[in-house]
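Taking it in order: structure first as structure tokens, then the write-up.
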Amino acid sequence: MSGFTATRCGDLRASDAGHEVELYGWVARRRDHGGLIFIDLRDRWGVAQVTINEANTSTAAYAAASSLRSEYVVRVKGRVEKRPVENVNPKMPTGEVEVFATDLEVLSTSKTPPFPVEGDQEPEERVRLKYRYLDLRRARMQNILETRHRVNKITHAYWDAHDFLEVETPILTKSTPEGARDFLVPSRLYPGQFYALPQSPQQMKQLLMVSGVQRYYQIARCLRDEDLRADRAAEFTQLDVEMSFNDEEDVFELIEGWIGRLWDEILGIDLPRPWPRLTMKDALLRYGTDKPDLRYELEIADLGEVLKDTQAQVFRGALDAGGVVRGLAVPGGSDMTRRELDELVTLARGAGARGLAWLPGGPLDKFLTPAELEGVKRATGAGEGDLVLLAADRRRRAEKVMGLVRSDVARRRGLVREGEWRFLWIYPMFLFDEDDEGNLTYGHHPFTRPMEEDLAFIDERPYDVRAHAYDFVCNGYELASGSLRIYDRAMQERVFQILGLSQETIEARFGHLLEAFEYGVPPHGGIAPGLDRIVMMLTGTDNIRDVIAFPKTQSMQDLLMDAPSEVERKQLDELGLEIKRPG
RNA sequence: GGUCCCGUGGUGCAGUCUGGCCCAGCACGCGGCCCUGUCAAGGCCGAGAUCGCCGGUUCGAAUCCGGUCGGGACCGCCA
């Protein structure tokens with residue numbers, strides 16, 4: 001029997017009493033009583049107590065036990081014994097037994113670790129990342145690794161059971177300047193030309209539908225060279241799904257089933273189905289975001305109607321410029337301090353707003369008529385003791401500001417109902433969006449299918465065109481995005497044209513897709529949930545790096561491997577590259 | 001590109017606002033000794049930090065100012 005098949009520390013139970021066992025593991029803790037030494041021996045499955053009694057073991061074994069320090073790797077031979085009742089440790093699954101060591105061998109010693117592997121103390125992230133292999137040894141991280149594995153396993157089983165085929169798609173692919181910035185890979189055989197790492201297998205999965213795969217899924221790595229956030233990594237993992245001859249209801253059904261399975265098997269929670277749906281328009285109006293957190297109420301109201309004749313300058317100005325006034329009632333908010341309000345104003349300014357107003361008690365009270373004040377109260381549902389926060393701006397900015405204010409107010413006033421899971425679909429979404437320069441761009445991606453009934457006004461009022469596009473959202477996180485796709489060459493070209501792409505650009509970048517569309521394309525569509533974020537939810541962390549074994553810092557460095565790093569001159573020469581150094 | 005928070009022995013924190021009581025405190029860890037029923041073992045003793053780095057202000061700087069580096073949060077960005 002090798003150590004690989006030996007008894008696992010965490011598996012020991014009362015029923016093992018009397019057995020001779022061999023254990024392999026790391027020293028979690030050592031309690032030396034002088035003549036009697038207790039070792040908590042840890043492996044992936046748990047911790048068992050090894051007892052070494054000077055009186056009943058070899059001198060060599062006792063000497064070895066005395067020399068043990070934290071994180072030494074040892075092999076122990078001994079006999080499992082039931083502990084006397086008074087010595088049972090009910091806090092440990094293995095607490096009913098202990099292993100009396102007859103033989104103990106140090107397989108590997110350890111320096112004092114840079115931070116404690118045992119205990120719940122969270123070291124600074126810089127240190128954790130540099131010594132990631134030790135960080136991952138901690139129980140919390142082991143649990144995350146295991147949860148992630150189980151998510152993958154359940155996911156494979158689920159989609160396989162629905163006859164989906166996993167197909168691997170290339171890592172070296174073609175750059176598409178639309179969307180996120182690509183990671184580029186220089187080509188050795190074609191100097192001056194580049195591959196791109198995939199932002200997602202979007203086009204490949206559509207081509208697989210043309211191939212007749214009909215039901216495709218892949219646990220796919222995606223790479224985007226954009227700045228990072230707490231919930232955004234440069235390389236991340238999507239469950240990529242695509243199917244043929246389907247409508248959005250098929251997608252909703254399958255996804256709700258899959259998420260339901262994950263929550264049931266991993267958390268033992270039975271999620272209610274079907275999930276509620278919210279149109280993009282309503283999400284932005286009522287919650288100020290496309291990923292609302294429904295664990296608290298705080299609904300935003302449009303005040304354009306009640307303030308349509310107002311003489312208050314800030315509101316008048318915004319409304320006359322075609323903007324909006326939006327308000328949010330804070331229950332019991334009249335007790336908010338000036339300092340808190342100032343912090344909210346700072347938050348609003350940070351989002352580009354000129355300011356944030358409040359009623360009553362703010363400087364605007366005297367500019368509103370009693371009827372207008374009454375109207376604001378009614379529209380926002382504000383009662384006695386409540387405070388109304390207001391933003392007046394261009395619609396998109398006012399929405400953004402109120403959305404940020406809403407979540408900040410909920411957080412600082414403790415309105416978030418922890419422990420709730422509020423899944424919902426954002427559907428339908430808009431086909432187009434407006435970028436910062438006021439130009440038309442796509443809402444989801446350029447392959448999204450417009451709703452047939454809205455095509456009539458696609459040229460006149462493009463922003464009002466709804467799409468067969470959907471996100472699913474939970475507790476303020478966007479967990480997935482998807483759509484039904486265009487499967488008609490003419491329609492696809494038309495959308496590209498509306499987006500302002502020239503015929504040459506269309507041909508160069510998407511010619512392969514358009515050509516494929518000439519050979520019998522099934523109507524198709526799909527979705528791509530972010531697996532990292534789903535694991536974040538399941539493990540209760542708000543940091544995406546926690547659910548990635550070897551993550552990079554916010555500034556995209558790998559502190560363990562020390563990447564990125566310079567390469568040798570010879571490598572550059574082979575690629576025909578020269579480095580332009582700034583300065 | 002921008003805004004904000006953080007950086008103090010190996011680790012986690014206090015001290016910074018209001019400069020001198022701090023050649024820096026606490027807990028854990030670490031080293032030595034004692035200890036035969038602990039499980040966050042206990043007791044005694046001990047070592048370990050020029051307070052991220054550079055510069056400035058001051059009689060005097062962990063503390064104030066400027067810069068810089070690193071980590072984090074956010075805005076922009078993320079089809």
Side-chain angles (χ1 to χ4, degrees), chain A residues 28-41 47-56 62 69-71 81 83-92 94-95 98 100 111-131 134-135 176-182 199-200 202-203 222-234 236 343 346-353 397 400-401 404 407-408 431-433 435-436 441-448 469 478 481 483 495-496 499 501 509-510 528 530 542-543 545 552-555 557 559:
Chain A
R29 284 205 162 87
R30 170 188 60 122
R31 292 177 295 282
D32 188 340
H33 288 232
L36 181 68
I37 300 172
F38 298 104
I39 300 297
D40 286 344
L41 196 63
V47 175
Q49 175 166 287
V50 174
T51 307
I52 302 100
N53 192 328
E54 189 173 19
N56 307 327
Y62 182 74
R69 297 293 182 269
S70 288
E71 303 308 320
E81 301 281 4
R83 299 193 198 182
V85 215
E86 66 273 19
N87 288 339
V88 164
N89 183 348
K91 285 184 283 187
M92 296 172 69
T94 62
E98 60 191 323
F100 281 96
K111 296 208 286 189
T112 301
F115 53 83
V117 171
E118 290 297 314
D120 302 324
Q121 191 178 274
E122 224 28 45
E124 194 188 355
E125 193 146 358
R126 192 189 335 162
V127 188
R128 291 177 58 198
L129 292 181
K130 177 163 181 204
Y131 298 95
L134 291 179
D135 189 36
T176 50
E178 299 73 31
R181 188 178 296 112
D182 285 315
Q199 298 177 21
S200 82
Q202 181 59 39
Q203 293 189 53
C222 305
L223 301 108
R224 299 177 186 174
D225 190 1
E226 294 292 347
D227 290 344
L228 274 22
R229 288 287 189 281
D231 63 351
R232 250 167 48 192
F236 61 102
E343 283 167 3
T346 304
L347 177 80
R349 291 221 172 100
R397 188 172 291 156
K400 167 137 216 149
V401 167
L404 286 171
S407 61
D408 199 63
L431 185 64
F432 298 114
D433 201 353
D435 70 17
D436 270 347
T441 180
Y442 33 72
H444 177 48
H445 59 50
F447 316 111
T448 304
E478 180 195 308
S481 210
S483 64
V495 169
F496 282 144
L499 288 167
L501 298 185
R509 293 196 190 144
F510 304 107
D542 54 9
N543 180 341
R545 280 170 250 108
K552 291 175 183 47
T553 64
Q554 189 168 51
S555 44
Q557 285 193 313
L559 298 181

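Residue numbers start from 1 in every chain, and the chains themselves are labelled A, B, ... in the order their sequence lines are given, proteins ahead of strands. Only this structure's heavy atoms are used, side chains among them; waters, hydrogens and symmetry mates stay out.
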If you measure from the P atom in U63(B) to the same atom in G52(B), how many Å do you get, rounded? 8 Å
Glu226(A) CD - C74(B) C1' separation (whole Å): 16 Å
Interatomic distance at C1', C21(B) relative to G66(B), whole Å: 29 Å
Could you walk me through whether Asp40(A) and Arg29(A) pass salt bridge (Lys or Arg N to Asp or Glu O under 4.0 Å), step by step? CA-CA 5 Å; Asp40(A) 286 344; Arg29(A) 284 205 162 87; 5.6 Å; no
One should read off an interatomic distance between Asp135(A) CG and Lys130(A) NZ, to the nearest 0.5 angstrom, of 14.0 Å
Nearest-Å distance, CZ (Arg224(A)) to P (C78(B))? 10 Å
Separation of A73(B) atom P from Asp408(A) atom CG, nearest Å, is 17 Å
Does A27(B) have a Watson-Crick or wobble partner in any strand here, with both distances under 3.5 angstrom, and which is it? U11(B)
When rounded to the nearest 0.5 angstrom, what distance separates OG1 in Thr94(A) from CZ in Arg83(A)? 6.5 Å
What is the pairing partner of C4(B), taking Watson-Crick or G-U wobble pairs with both distances under 3.5 Å in any strand? G72(B)
From CG (Asn543(A)) to CD (Glu125(A)), nearest 0.5 Å: 5.0 Å
Whether each nucleotide of nucleotides 26-38 of chain B has a protein heavy atom under 4.0 Å at its base (B), only at its sugar-phosphate (S) or at neither (-) is summarised, 5' to 3', as ----SSS--BBBB
If you compare every side-chain N and O of Ser555(A) against the phosphate oxygens of G71(B) (OP1, OP2), does one of them come in below 4.0 Å? yes
Without hydrogens or angle criteria, can the side chains of Arg31(A) and Gln49(A) be said to hold a donor-acceptor pair below 3.5 Å? yes
Pro114(A), nearest nucleotide to its side chain (from G72(B), G10(B), C78(B)): G10(B)
Rounding to an integer number of angstrom, what distance separates A27(B) and G42(B) when you compare their P atoms? 13 Å
Applying a 4.0 Å non-hydrogen cut-off, can you work out what Gln557(A) is touching in the nucleic acid: base, sugar-phosphate, or nothing? sugar-phosphate
Nearest-nucleotide 5' precedence on RNA chain B, Asp542(A) against Gln203(A): Asp542(A)
Rounded to the Å, how far apart are Asn89(A) CG and A40(B) C1'? 11 Å
When the distance from CD of Glu71(A) to P of U11(B) is rounded to whole Å, what number comes out? 16 Å
Looking only at C77(B), U11(B), G72(B), the nucleotide nearest the Thr553(A) side chain is G72(B)
Checking only heavy atoms, does the side chain of Arg232(A) share a donor-acceptor pair with the base of C77(B) at less than 3.5 Å? yes
Would you find a donor on one side and an acceptor on the other, under 3.5 Å apart, between the side chain of Arg181(A) and the backbone of Asp225(A)? yes
Euclidean distance for C1', G19(B) against A62(B) (whole angstrom): 10 Å
Atom CG in Asp433(A), atom OG1 in Thr441(A): separation rounded to 0.5 Å? 7.0 Å
Over all strands shown, is Lys130(A) touching base, sugar-phosphate only, or nothing at heavy-atom distances under 4.0 angstrom? nothing
In the strands shown, is C64(B) matched to any nucleotide by a Watson-Crick or G-U wobble pair with both distances under 3.5 Å, and which? G56(B)
pair_partner(C44(B)), Watson-Crick or wobble, both distances < 3.5 Å, evaluates to G32(B)
Quick one: sort the Phe510(A) and Phe496(A) rings into parallel, tilted or perpendicular, breaks at 30° and 60°. parallel
Give one of base, sugar-phosphate or nothing for Arg545(A), where a contact means two heavy atoms less than 4.0 Å apart. sugar-phosphate
Rounded to the nearest 0.5 Å, how far apart are OG of Ser481(A) and NE2 of His445(A)? 7.5 Å
With rounding to whole Å, what would you report as the distance between G12(B) and C22(B) at their P atoms? 25 Å
May I ask you to verify whether the side chain of Asp227(A) and the base of G76(B) hold a donor-acceptor pair under 3.5 Å? yes
Gap between atoms CG and C1', on Leu129(A) and G72(B) respectively (whole Å): 11 Å
Nearest to the side chain of Pro123(A) - G12(B), G71(B), C74(B)? G12(B)
How many angstroms lie between atom CG of Leu223(A) and atom CZ of Phe236(A), to the nearest 0.5 angstrom? 8.0 Å
Between U16(B) and C4(B) - P atom distance, rounded Å: 22 Å
Rounded to whole angstroms, how far apart are CD1 on Ile52(A) and P on C39(B)? 16 Å
When rounded to the nearest Å, what value does the distance between C1' atoms of C53(B) and U8(B) take? 14 Å
Roughly how many Å apart are A14(B) and C64(B), using the P atom of each and rounding to a whole number? 15 Å
Rounding to an integer number of Å, can you tell me how far Glu124(A) CD sits from U8(B) C1'? 11 Å
For Asn543(A) and Thr441(A), find the nucleotide of RNA chain B closest to each by heavy atoms; which residue's nucleotide sits nearer the 5' end? Asn543(A)
